[in-house]
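Here is how names work: the chains are called A, B, and so on, in the same order as the sequence lines, proteins then strands, and each is numbered from 1.
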Number of protein chains: 2
Amino acid sequence: MIEHDIFRALADSTRRTIFEKLANGSMNASMLRQGMDISQPAMSQHLAVLRAARLVREQKEGRFVNYEVDPDGLALIAQWLAKYRAYWPARIDALKLLLKDMDQ
Amino acid sequence: MIEHDIFRALADSTRRTIFEKLANGSMNASMLRQGMDISQPAMSQHLAVLRAARLVREQKEGRFVNYEVDPDGLALIAQWLAKYRAYWPARIDALKLLLKDMDQ
DNA sequence: ACAAGACATAAGCATACACTTATGTGATTC
DNA sequence: GAATCACATAAGTGTATGCTTATGTCTTGT
């Protein structure tokens with residue numbers, strides 16, 4: 001189940017950090033490691049988990065592998081969230097923000 | 001970190017099922033167990049995790065404890081998701097629906 | 001061709017987690 | 001007021017998970 005993979009992938013704070021980094025621009029695994037105090041295999045394993053969850057996708061470039069955010073994963077979260085829209089109170093600032101951003 | 005609690009809580013399929021049940025109407029723990037093949041302590045522990053993540057809140061009624069969806073948790077997911085709005089493909093129906101609902 | 005670099009995979013290990021059984025707590029019923 | 005019910009908590013256990021070190025694969029540079 002992809003839904004399970006997504007939430008499991010995001011349950012780890014290191015993977016959330018990696019994802020956030022990629023959201024600010026595509027990077028290869030070595031660049032991602034910079035300033036993260038994480039071994040090369042650990043990074044590779046985290047990226048594999050994020051890939052399985054479709055939160056990230058790879059693009060091989062020679063001996064480098066460029067990683068970028070995969071919109072599919074985010075779309076699936078949005079879909080999951082949309083199921084519960086009946087519970088979103090209109091007052092919540094986060095949602096207003098959301099609305100504003102999507103309006104343009 | 002509440003963000004961590006939320007994703008960790010949703011990483012478990014049993015807890016997602018519980019949450020989905022509650023989204024269809026408030027229930028106490030015993031009612032939630034029906035048709036779920038889960039022990040009473042296990043249910044209690046799952047509800048504690050969902051509570052810590054602010055995905056669910058309790059309302060004590062005598063010796064019963066009624067559980068309902070807590071919009072705060074959902075709002076926090078929406079907030080998290082909003083950070084990556086640049087990557088949301090415009091085509092996604094779930095998001096369009098979302099937008100429409102929030103517009104009124 | 002060979003050395004080195006970028007990354008993936010394998011195997012082992014310590015910790016986290018979801019479950020179990022047992023017990024505790026507070027509210028209701030008889 | 002004693003038994004029962006609804007639920008929480010404690011303690012123990014097997015499995016999942018995230019890490020490590022070691023090694024493999026493919027590409028690039030010389």
message = Short of 4.0 Å, heavy atom to strand atom, which residues of residues 45-54 of chain B count as contacting DNA chain D?
response = B:Gln45, B:Arg51
ask   = Near DNA chain C, under 4.0 Å by heavy atom, which residues of residues 6-26 of chain A?
value = none
task = Name every residue in residues 31-43 of chain A that has at least one heavy atom under 4.0 Å from any atom of DNA chain C, in order of residue number, or write none if there are no such residues.
result = A:Gln40, A:Pro41
remark   = Whether each nucleotide of nucleotides 24-30 of chain D has a protein heavy atom under 4.0 Å at its base (B), only at its sugar-phosphate (S) or at neither (-) is summarised, 5' to 3', as ---BS--
Nearest 0.5 angstrom please: [X] [atom1] to [Y] [atom2], how far?
{"X": "B:Leu22", "Y": "B:Asp70", "atom1": "CG", "atom2": "CG", "value": "11.0 Å"}
{"X": "B:Ile77", "Y": "A:Ile77", "atom1": "CD1", "atom2": "CD1", "value": "8.5 Å"}
{"X": "A:Met1", "Y": "A:Asp5", "atom1": "CE", "atom2": "CG", "value": "9.5 Å"}

request  = Using a heavy-atom cut-off of under 4.0 Å over every strand shown, decide if B:Ser30 touches base, sugar-phosphate, or nothing.
outcome  = sugar-phosphate
message = Quick check on the helix from C:dA1-D:dT30 to C:dC30-D:dG1: what's the angle between its two end axes, five base pairs per end, to the nearest 10°?
response = 20°
[Y] and [X], any side-chain heavy atoms less than 4.5 Å apart:
{"X": "B:Ile6", "Y": "B:Leu10", "value": "yes"}
{"X": "B:Ile18", "Y": "B:Leu32", "value": "yes"}
{"X": "B:Asp12", "Y": "A:Arg8", "value": "no"}

Separation of atom [atom1] in [X] from atom [atom2] in [N], rounded to whole Å:
{"X": "B:Phe64", "N": "D:dC7", "atom1": "CZ", "atom2": "C1'", "value": "10 Å"}
{"X": "B:Asp5", "N": "C:dA16", "atom1": "CG", "atom2": "P", "value": "15 Å"}
{"X": "B:Tyr67", "N": "D:dA6", "atom1": "OH", "atom2": "P", "value": "15 Å"}

query = Of all residues at least two apart in sequence or in a different chain, which pass the side-chain contact (heavy atoms from CB on, under 4.5 Å) check with B:Phe19?
reply = A:Trp80, A:Tyr84, B:Leu55, B:Val56, B:Val69, B:Leu74
request  = Please answer: with hydrophobic residues joined when any side-chain heavy atoms are less than 4.5 Å apart, are B:Met27 and B:Phe64 in the same cluster?
outcome  = no
inquiry  = Quick check on the hydrophobic clustering: are A:Val49 and A:Ile2 connected, directly or via other members, by side-chain heavy-atom contacts under 4.5 Å?
reply    = no
key: Non-hydrogen atoms of B:Ala29 and B:Leu47 that approach each other most closely   = CB-CD1, 3.9 Å
inquiry  = Can a donor-acceptor pair be found, under 3.5 Å and without considering hydrogens, that links the side chain of A:His4 to the backbone of B:Ala11?
reply    = yes
Pairs where residues 47-66 of chain A contributes a residue and the test side-chain hydrogen bond (donor to acceptor under 3.5 Å, both in side chains) is met, not counting sequence neighbours = A:Arg51-A:Tyr67, A:Arg54-A:Asp72, A:Arg57-A:Glu68, A:Glu58-A:Tyr67
query = Which residue pairs satisfy the side-chain hydrogen bond (donor to acceptor under 3.5 Å, both in side chains) criterion with at least one member in residues 29-50 of chain B, sequence neighbours excluded?
reply = B:Arg15-B:His46
request  = List in chain and number order the residues that pass salt bridge (charged side-chain N to carboxylate O under 4.0 Å, His left out) with A:Arg16, two or more places apart in sequence or in another chain; answer none if no residue qualifies.
outcome  = B:Glu3
query = Can you pull the salt bridge (Lys or Arg N to Asp or Glu O under 4.0 Å) pairs that have at least one residue in residues 17-27 of chain A, sequence neighbours excluded?
reply = A:Glu20-B:Lys83
